[in-house]
Amino acid sequence: MKKIVLIALTMSCVFMTSCNKDFLERPSQNNPTEENYYNNAEQVNSATGLLYNRVWYDYQDKAFHAIGEALGGNMLTANDPNYGGLVYNKFTFTSSDVLVAASWASLYSVVGSASSLVQTLENKRAAVSDDAYLVQGIAEARFMRGVAFFFLARAFGDVPIIDDPVAFASSGVFDSPRYLQKDVLRYVLEDLQYAEDNLASEASQKGRITNLSATGLMAKVYLYMGDYANAKAKAAEVINSGKYDLYPDYNAMFTSSAANNNQESLFAWQWIAEGGYSYGNPIQAYCGTQALLKPTTGAGWGSVIPTIDLIKSYETGDKRRGWSLMEHGFFRADWTNKNFPNGYRYDTTSIGGDEDFKTKNTSRANALKYVVGPGTNGENVNGTSTDICTYILRYADILLIYAEATLGDNASTSDATALEAFNKVRKRAGLIALTSLTKDIILHERRVELAFEGDYWFDIQRQGFEKAKAIIAQQERGGYDFSGTHKINSEKVVLTSAAQLFLPIPQTDLTASPKLSEEPVPYY
């Protein structure tokens with residue numbers, strides 16, 4: 001828990017920021033206090049702006065894909081030590097793994113930042129006559145804390161709830177029990193309920209959350225909990241509001257920052273390339289290819305690649321395959337560099353030695369989502385950093401949540417409203433409408449619609465151990481050899497314990513906080 005304490009103690013120095021682009025901000029050298037700051041909405045917005053950006057960086061940087069996608073069988077982390085080698089592909093991660101520690105620390109950084117701001121703004125309310133702007137800031141901070149705890153509860157299961165980091169740090173007793181996952185999720189819902197009740201119905205700046213962002217996220221939490229009635233009701237509120245719709249250009253949504261914060265986005269992390277490390281989106285540096293990115297950015301490591309299993313799961317005619325993947329023959333005329341002056345072409349015929357022009361990996365594919373190119377088409381690219389936002393909750397997800405919540409525990413459903421929501425997602429992908437839905441059909445649709453968005457493992461996990469075990473056992477986690485025959489060196493994984501559904505608590509925190517090794521206890 002020392003990491004949590006240190007984060008909480010340092011947050012007071014980063015709340016005051018100066019606007020750089022929209023509301024994306026970088027810390028100044030000033031230290032605000034309740035007495036001399038937070039006197040108007042602009043100052044509060046300056047403080048909450050950081051909660052959309054830097055505090056999420058260490059989770060998104062690598063854990064986002066390793067946990068959400070590699071565990072779920074959508075991506076391979078290759079043999080990259082920065083991703084813990086192959087441990088997320090094979091479920092051999094331990095409490096000492098670098099990304100276990102990074103994800104834990106990053107998510108509690110969000111908790112500490114948000115909780116400290118909540119306390120500061122609550123204290124400030126007593127000193128002003130009109131506190132509406134402070135309540136809005138508190139609602140934003142509580143939303144972000146709820147999101148962080150939702151990630152923590154899904155990734156680690158039973159975790160500490162630190163809602164008063166200042167008191168926790170001041171106590172000198174750096175120890176906290178783990179609380180039951182169901183109680184952590186209840187805590188999440190309380191934060192989101194406050195946000196829903198108090199956030200504005202219209203965003204004050206493009207990219208900021210609204211009350212319906214909280215409503216939509218509550219639908220996702222309820223679905224995870226198996227509370228289908230509430231999940232359906234909350235998803236229906238978002239749908240019936242008429243304020244969101246599918247973005248017509250799925251491909252552009254994930255390859256162009258011009259599509260940031262479009263009509264499909266309920267909540268997204270915001271990035272700014274010119275901010276550099278920890279302020280820009282780093283995903284393309286890890287997913288993109290050397291041939292595309294190295295000449296202009298020095299990146300393109302291909303550290304995480306799609307699995308053959310995911311690639312083969314796309315239905316014939318599903319346009320999302322070409323919108324989500326780079327496969328042999330993929331071409332972008334507007335992506336150029338010294339080796340590709342007339343446009344970048346993805347070529348997998350390499351047998352080694354020509355990485356400047358061709359790409360060699362065991363899947364014969366790379367992820368396309370969040371790859372904006374080398375910057376030759378006007379995209380802001382600063383080394384490993386780009387401007388493209390990271391979608392955490394999209395309207396497509398809401399539509400699929402509504403369909404699944406309508407199905408509930410039934411074997412199938414032909415409910416007209418569920419089919420309408422579900423088929424709207426398929427229509428954009430160029431697929432025919434279905435007339436009946438099952439859980440497996442919906443899970444498959446979620447897999448291909450939300451691929452590489454850090455979510456699929458949690459969809460598998462929430463099915464329970466036996467179903468998760470069956471899904472994982474069927475997946476191909478191996479890759480093609482390089483003989484030219486397209487022979488697959490098969491790799492299968494068999495889960496043996498329900499404990500494998502969650503990450504272990506980081507070893508450093510276990511050592512510092514003995515209570516973390518004890519059985520979880522109720523929070524309420």
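Taking 4.5 Å as the limit, every side-chain heavy atom of K124 sits out of range of all side-chain heavy atoms of T120. When side chains are defined from C-beta on, L399 does not count as touching F422, because their heavy atoms never get closer than 4.5 Å. Using a 4.5 Å heavy-atom cutoff, the side chains of E42 and Y133 are not in contact. The side-chain heavy atoms of Y83 and V98, taken from C-beta on, include no pair separated by under 4.5 Å. When side chains are defined from C-beta on, Y194 counts as touching V135, because their heavy atoms get closer than 4.5 Å. The shortest distance between side-chain heavy atoms of F330 and L368 falls below 4.5 Å. With contacts defined as side-chain heavy-atom distances shorter than 4.5 Å, the pair T48/R208 qualifies. Put simply, the side chain of K206 does not reach to within 4.5 Å of the side chain of N260, judged on heavy atoms.
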For this session: Assess whether side chain to side chain donor-acceptor pair (under 3.5 Å) is satisfied between D415 and T417, documenting all intermediate values.
Result: CA-CA 6 Å; D415 179 89; T417 59; 2.4 Å; yes
Exercise. So I392 and W56, side chain to side chain contact (heavy atoms under 4.5 Å, CB included) or not? Walk me through it.
Worked result: CA-CA 11 Å; I392 302 303; W56 298 101; over 6 Å; no
For this session: Dump the intermediate steps for side chain to side chain contact (heavy atoms under 4.5 Å, CB included) on T406 and Y228, then the final yes or no.
Result: CA-CA 7 Å; T406 302; Y228 298 121; over 6 Å; no
For this session: Evaluate ring pair (Phe, Tyr, Trp, His ring centres under 6.0 Å) for F458 paired with Y224, printing each intermediate quantity in order.
Result: CA-CA 8 Å; F458 301 129; Y224 182 85; 7.3 Å; no
Exercise. Is there a ring pair (Phe, Tyr, Trp, His ring centres under 6.0 Å) between Y57 and Y277 once you walk through the steps?
Worked result: CA-CA 9 Å; Y57 186 87; Y277 181 82; 4.9 Å; yes
For this session: Please assess Y222 against I401 for the test side chain to side chain contact (heavy atoms under 4.5 Å, CB included), listing each intermediate value before the final yes or no.
Result: CA-CA 10 Å; Y222 280 126; I401 288 170; over 6 Å; no
For this session: Could you walk me through whether S265 and R394 pass side chain to side chain donor-acceptor pair (under 3.5 Å), step by step?
Result: CA-CA 5 Å; S265 179; R394 295 195 281 118; over 6 Å; no
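Between T386 and Y370, the side chains place no donor N or O within less than 3.5 Å of an acceptor N or O (distance only, hydrogens not considered). Counting only N and O atoms by type, the side chains of S257 and E379 include a donor and acceptor under 3.5 Å apart. Judged purely by distance below 3.5 Å, without hydrogens or angles, the side chains of N366 and E327 never pair a donor atom with an acceptor atom. Checked by atom type, the side-chain pair Q193/E196 shows a donor-acceptor distance below 3.5 Å.
When each of V304, L325, I283 is paired with F452, the side-chain contact (heavy atoms from CB on, under 4.5 Å) condition holds for L325 and for no other. Considering V55, L152, V147 in turn, L152 is the only one that fulfils the side-chain contact (heavy atoms from CB on, under 4.5 Å) rule with L107. Just one of Y391, F143, Y244 meets the ring-ring contact (aromatic ring centres under 6.0 Å, His included) condition when paired with F267; it is F143. Put simply, the residue from F156, Y59, F64 that forms a ring-ring contact (aromatic ring centres under 6.0 Å, His included) with F151 is Y59. Considering T390, D387, N380 as possible partners of W271, the one that fulfils the side-chain contact (heavy atoms from CB on, under 4.5 Å) test is T390.
If you take CG on N423 and CG on L431, they are separated by 9.5 Å, rounding to the nearest 0.5 Å. From M326, atom CE reaches atom OG of S363 across 12.5 Å, with rounding to the nearest 0.5 Å. Residue T297 holds its OG1 atom at 7.5 Å from CG of L292, rounded to the nearest 0.5 Å. Here the CD1 atom belonging to I161 is positioned 9.5 Å from the CZ atom belonging to R145, to the nearest 0.5 angstrom. For the atom pair CG (L246) and CD1 (I398), the distance works out to 11.5 Å, reported to the nearest 0.5 Å. In this structure, W269 CH2 and N53 CG are separated by 11.0 Å, a value rounded to the nearest 0.5 Å.
Between the side chain of S113 and the backbone N or O of S109, at least one donor-acceptor pair lies under 3.5 Å. Side-chain atoms of N262 come within 3.5 Å of backbone N or O of A259 as a donor-acceptor pair. Proximity of a side-chain donor or acceptor of T307 to a complementary backbone N or O of G73 within less than 3.5 Å is detected. Between the side chain of H444 and the backbone N or O of S313, at least one donor-acceptor pair lies under 3.5 Å. The closest donor-acceptor contact from the side chain of E274 to the backbone of I272 lies at 3.5 Å or more, if one exists at all. With hydrogens and angles ignored, the 3.5 Å screen pairs no side-chain donor or acceptor of R462 with any backbone N or O of R154. Checking side-chain atoms of Q136 against main-chain N and O of A200 turns up a donor-acceptor pair under 3.5 Å. Within the 3.5 Å criterion, the main-chain N or O of A132 finds a donor-acceptor partner in the side chain of D130. Put simply, the side chain of N361 never gets that close to the backbone of G302: no donor and acceptor are under 3.5 Å apart. Under the 3.5 Å distance criterion, the side-chain polar atoms of Q284 are matched with a main-chain donor or acceptor of V372.
Annotation for S256 and I388: closest pair N-CD1, 3.8 Å, computed over non-hydrogen atoms. The two residues A70 and N89 have their closest heavy-atom pair at CB-OD1, 3.7 Å. Scanning all heavy atoms of the two residues, the minimum distance from T210 to L199 falls at O-CD1, 3.4 Å. Between A139 and N198 the shortest heavy-atom distance is CB-CB, 3.9 Å.
D245 and K424 are joined by a salt bridge, as a carboxylate oxygen and a charged side-chain nitrogen come within less than 4.0 angstrom of each other. A salt bridge does not link D249 to R428: none of the charged nitrogens lies less than 4.0 Å from a carboxylate oxygen. Salt bridge annotation for E315-R321: absent, with no cationic side-chain nitrogen under 4.0 angstrom from a carboxylate oxygen. Under the 4.0 Å criterion applied to side-chain N and carboxylate O atoms, K243 and E202 are assigned as salt-bridge partners. One finds no salt bridge joining E453 and R446 here, because no Lys/Arg side-chain nitrogen approaches an Asp/Glu carboxylate oxygen to under 4.0 Å. Between K369 and E69 there is no salt bridge, since none of the side-chain N atoms of the basic residue sits less than 4.0 Å from a carboxylate O of the acidic one. Comment: R447 does not engage D459 in a salt bridge, judged by the lack of any side-chain N to carboxylate O separation of less than 4.0 angstrom. A salt bridge does not link K232 with E404: none of the charged nitrogens is closer than 4.0 Å to a carboxylate oxygen.
Summarising the local packing, CD of E190 is surrounded by more than 12 heavy atoms from other residues, nucleotides or ligands at distances under 6.0 Å.
Both cation-pi conditions hold for R332 and W335: the charged atom is under 6.0 angstrom from the six-membered ring centre and inside a 45 degree cone around its axis.
Between F331 and Y346, the ring center distance fails the sub-6.0 Å criterion.
Between Y286 and W301, the two ring planes are tilted [angle within 30° to 60°].
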